[in-house]
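Just so you know, these numbers use all the heavy atoms, side chains as well, and skip hydrogens, waters and symmetry mates. To find a chain, count down the sequence lines: A is the first, B the second, and so on, and within it residues start at 1. Not measured: the values here are computed from a predicted model.
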Amino acid sequence: MSDLWGLGDEGFDSVQRPSPIGPRGDAVPEHLLEGLNPPQREAVLHRGPALLIVAGAGSGKTRVLTHRIAGLLATREAWPSQILAITFTNKAAAEMRERVHSLIGEEASGMWIRTFHSACVRILRREAEEFGFKQSFTIYDSGDVRALIKRLIKERGADIQGLTPGGVSARISKAKNELHDVDSWARTANLENPLDQAFLELWRDYDRELRRANAFDFDDLISQTVFLFRAFPHVAAQYRKRFRHILVDEYQDTNAAQYALIRELTQPVTRADLPDLRSDLPGASLTVVGDSDQSIYAFRGADIRNITDFERDFAGARAILLEQNYRSTQNILSAANAVIGNNFDRREKRLWTDSGDGAKIVGFTGYSGHDEAQFVADEIVELTSGGMAYSDIAVFYRTNAQTRALEEVLIRTAIPYKVIGGTKFYERAEIKDAMAYLITVANPADPLSLRRIMNVPKRGIGPATEAALQAFADEHGITLRDALRRVDEIALGPKVAAAIKDLAALLDHWSERPEADPGEVLRDLLSRSGYTDQLRRSPDPQDAARLENVEELVAVTREYRRQNPGGNLIDFLTETALVAAADELDDSGGQVSLMTLHTAKGLEFDAVFITGVEEDLLPHRISANEPGGPAEERRLFYVGITRARQRLHLSLAMTRAQFGEVNPAVPSRFLEEIPAELVDWRTLPTTMRPAPAQRAVGRWSDGPRESFVTGFRDPKPLPKGKGTFANTITEVRDNSALELSPGDRIRHKDFGEGRVQAVSGAGAKRIAEVQFDQVGRKRLLIKIAPIELL
DNA sequence: GGATTGGGCTTGCTC
DNA sequence: AGCCCAATCC
């Protein structure tokens, strides 16, 4: 992805070239149509103002998209520079670029194949000066945003009103995704409400601080681009004129701001806006690809109506349905179809394949999250000893917290793995420190990163000194960074003043050299600031690891420069700000991939494990109270299932550790939706029904499926359904009354006989530690363990 | 000014 | 169980 970022103007001049659109040139070459099924072929060939490709999972949409682009170029209907393709991740962008390249060679360079965010950054940098930003703006990540809002809340004393950084930032983000700005939001808000009033003021503060810091947050990147286009029609017109073919992948996950951006870009170009135009131009041709069954980003503002209403929205739109799946076995697809069929408000679509049933889905129920993880590890050993590569295997989970047990067991089993996303490299404190040095250099207006490093390593610049500097800056209307430079004018101790002067000189030295090699800048900053020395001298073994991480970052910057000759500091910072979790995937890694179900979208693996298929986890507890929540959770499960090519494993546990507590877990309702004959249960899920006291709370209200986890402790059998194991439910167990003490002999349904070593915990959470004669030591939650006293 | 400690909160997903 | 923050102590 060497040329994805930066300010290079490569290809932009070609806007001035005459458009090759007109009477169609040559026919699309046959090699671009080879091996395509009829709807795929049509999706490649169709020409018109708007095209919707409804692409079921694994139906070859990337192939269709790349061939469509290649076709446009090969027939000379478009120059590369007239193509804008929006993908969901940088990795997908790089892949698409490569594939188009391999189809038609050199002619492919000059296209914009980018994510929404990266395309918008590029536009904003180019036009920054036009609307009052400096080109060197930096991007605040969610951590930065929280830190800033936290400070603002404190300053206003708004915390007493119950406003939290997380809450406020989520609300601002949501509003920006809906394309509101402070003023438009204010007009719709009820300002009688003091909470809304306080929020509004915070938002105003926040935007002002961002602007002062010459920074944007993630959501700004999209919405500000839209505002820019609306405020400056002649700027918008340039891009409209340039991009004649716009293609958007994962369209089901676009939000209002992204939709508006697409709308803006596909408007006709008029001579009123661009006087040197010979005649008005129609809007760009728009192709969107998506699958409403895979819409899983509502929490980020994704609006499923963008895709469901597409044909009504864009005049002359044509829709093409791709249902043949080239990825998975029929068993996996049947399970996926059955599950998603339970979402009622969808356009019917059934995936099929002609490649055979394949292996049955494997199901497993562990006694604990650890036990479940052990199953995953055992199966991976089994699969790899059968010749499968580690890199063809993935383990999915709903929440990042589930990685702990998995990692522990994988390490013990010596299985190489990589956690994709989660606690990211760039979130480590020492990496953030190092990055803050770089940001301070690149964007001197930003006080946030300066504050972070001002006293790291220790220079004796404490809160009091910082406050004095800030006061001086406010008094003179200058930035904090400028105040550093004028430290002589502030009454401070000679030692502190000298330290500040040194720091200011170091930062200024590199700020004056914006085109320097980022790796060199970083290395010098870390060494001359004393940062590396401090870590090196520390007796703390953790600091040795931190030092390694920082050195790793230096290596990353060096590698960046190697891949992007001439790439400057701003380019590097932009790239790192916009990396997505899925970008971390490295096929050559030879490692099992661990990731959330969300991160898994768009990927595929020979063998897939979906873990924690339990109520309250999948579907997640919080989704129960959200409109459309349970349906979205089902789509998430569907996305997970359809990632698998050959083997699918579904696992759950009977107890789940959470917040350091162990709680009983209930099998997910989604399991019941899979036809029983598709699943080979190694260990059947048992239905543990909640105690009467819990019955009324937290029950799901998603259609008629309540029976499965009903709160009634009714001794009658559960209503029989087509359920997977409704008719094979083992005994309803409740050992609450069972009293165990060390020395007791017990018998366990699966582990055989053993002796109780210790009992801990109280009430429903009592745990017995048992030495079993055959299988060794186990911890059991007494309430639900299948045991009897001998 | 800086280190240590204890309490409260968290874990829902992400560009 | 871990992280963050405030209070407390040096």
Side-chain angles (χ1 to χ4, degrees), chain A residues 86-93 114-121 139-143 145-147 150 154 159 164-166 169-170 173-174 176-177 216-223 250 253-255 257-258 295-302 396-405 408 420-424 426-427 429 455-467 493 495-496 499 540 574-583 595-601 612 616-626 629 632-633 635-637 639-640 656-663:
Chain A
I86 303 281
T87 58
F88 204 65
T89 65
N90 295 303
K91 183 171 182 277
R114 314 176 146 253
T115 64
F116 270 109
H117 290 90
S118 124
C120 287
V121 167
I139 300 159
Y140 274 25
D141 67 22
S142 41
V145 169
R146 282 180 79 111
K150 192 170 174 183
K154 221 169 181 177
D159 45 343
T164 61
S169 72
S173 171
K174 190 164 174 281
K176 286 184 176 178
N177 281 329
F216 290 106
D217 64 26
F218 277 128
D219 308 309
D220 283 336
L221 297 177
I222 316 288
S223 57
E250 308 283 10
D253 281 323
T254 50
N255 61 34
Q258 292 163 335
S295 169
I296 56 174
Y297 280 102
F299 70 92
R300 210 168 69 189
F396 302 155
Y397 35 82
R398 178 65 177 82
T399 68
N400 280 306
Q402 288 166 254
T403 52
R404 196 159 298 151
E408 273 173 37
I420 311 296
T423 43
K424 283 184 214 122
Y426 288 99
E427 282 169 13
N455 203 29
V456 179
K458 302 270 179 295
R459 301 185 172 88
I461 310 175
T465 310
E466 186 191 309
K495 258 178 117 172
V496 181
D540 187 346
T574 305
E575 163 153 352
T576 50
L578 299 183
V579 284
D583 298 335
M595 68 190 85
T596 64
L597 284 160
H598 281 90
T599 302
K601 193 181 71 165
D616 288 359
L617 210 47
L618 185 66
H620 196 276
R621 184 176 340 110
I622 297 171
S623 71
N625 301 321
E626 293 166 354
E632 175 139 325
E633 297 285 310
R635 291 194 291 270
L636 194 53
F637 187 47
V639 165
R656 183 66 58 182
Q658 212 184 4
F659 302 109
E661 288 186 332
V662 179
N663 291 305

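The phosphate of B:dC15 has neither OP1 nor OP2 within less than 4.0 Å of any side-chain N or O from A:S142. Checking the phosphate oxygens (OP1, OP2) of B:dG12, no side-chain nitrogen or oxygen of A:N400 falls inside 4.0 Å. At the phosphate of B:dC15, neither OP1 nor OP2 sits under 4.0 Å from any side-chain N or O atom of A:S118.
One interatomic measurement links the two molecules: CD of A:E250 to P of B:dC15, which rounds to 12 Å at whole-angstrom precision. In this structure, CG of A:N177 is placed 11 Å from C1' of B:dT14, rounded to the nearest angstrom. Whole-Å rounding puts the A:M595 CE to B:dG12 P distance at 21 Å. One interatomic measurement links the two molecules: NE2 of A:H598 to P of B:dG12, which rounds to 13 Å at whole-angstrom precision. Spacing between atom CZ of A:R656 and atom P of B:dG12 amounts to 14 Å, rounded to whole angstrom units. In this structure, A:K458 atom NZ and B:dG1 atom C1' are separated by 10 Å, rounded to whole Å. In this entry the distance linking CD1 of A:I420 with P of B:dC15 reads 12 Å, nearest Å. The CZ atom of A:F116 sits 11 Å away from the C1' atom of B:dC15 (whole-angstrom rounding).
Checked against B:dT14, B:dG12, B:dA3, the side chain of A:R398 finds its nearest nucleotide in B:dG12.
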Grab the N/O contacts between the protein and nucleotides 9-11 of chain B below 3.5 Å, and write none if there aren't any.
none

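In terms of the side chain to side chain donor-acceptor pair (under 3.5 Å) criterion, residue partners of A:D217 (sequence neighbours excluded) are, by chain and number, A:K176, A:Y206. Residues passing the ring-ring contact (aromatic ring centres under 6.0 Å, His included) test with A:F216 are A:F133, A:F137, sequence neighbours excluded. Residues satisfying the salt bridge (charged side-chain N to carboxylate O under 4.0 Å, His left out) test with A:D253, not counting sequence neighbours, are A:K601. Every residue two or more places apart in sequence or in another chain that forms a side chain to side chain contact (heavy atoms under 4.5 Å, CB included) with A:R300 is listed here: A:F88, A:Y297. Applying the side chain to side chain donor-acceptor pair (under 3.5 Å) criterion to A:S173, with sequence neighbours excluded, gives A:D219. Listed by chain and residue number, nothing satisfies the side chain to side chain donor-acceptor pair (under 3.5 Å) test with A:S295 (two or more places apart in sequence, or in another chain). Contacts of A:T399 classified as side chain to side chain contact (heavy atoms under 4.5 Å, CB included), with partners at least two apart in sequence or in another chain: A:A401, A:Q402, A:L617, A:H620.
A:N455 comes within contact range of the sugar-phosphate backbone alone, with a heavy-atom separation under 4.0 Å but no base atom that close. Nucleic acid contact for A:T465: sugar-phosphate only, since backbone atoms but no base atoms lie under 4.0 Å from a heavy atom of the residue. Backbone-only engagement by A:A464 is indicated by non-hydrogen atom pairs under 4.0 Å involving sugar-phosphate atoms exclusively. Among the protein residues, A:E633 comes within range of the nucleic acid bases, having at least one heavy atom under 4.0 Å from a base atom.
For DNA chain C, the span of nucleotides reached by chain A at under 4.0 Å from its heavy atoms goes, 5' to 3', from C:dA1 to C:dA6.
The distance between the ring centers of A:H598 and A:F299 falls below 6.0 angstrom.
Heavy-atom minimum distance, A:E633 versus A:S623: CG-OG, 3.3 Å.
Mapped onto DNA chain B by nearest heavy atom, A:R300 and A:I461 fall at different nucleotides, with A:I461 at the one closer to the 5' end.
B:dC13 and C:dC4 are spaced 16 Å apart, taking the P atom of each and rounding to whole Å.
A stacked arrangement is not assigned to A:Y297 and the six-membered base ring of B:dC13, the conditions of a centre distance below 5.5 Å and an interplanar angle below 30° not being jointly met.
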(message) A:R398 vs A:L636, test: side chain to side chain contact (heavy atoms under 4.5 Å, CB included). Steps then yes/no.
(response) CA-CA 9 Å; A:R398 178 65 177 82; A:L636 194 53; 3.4 Å; yes
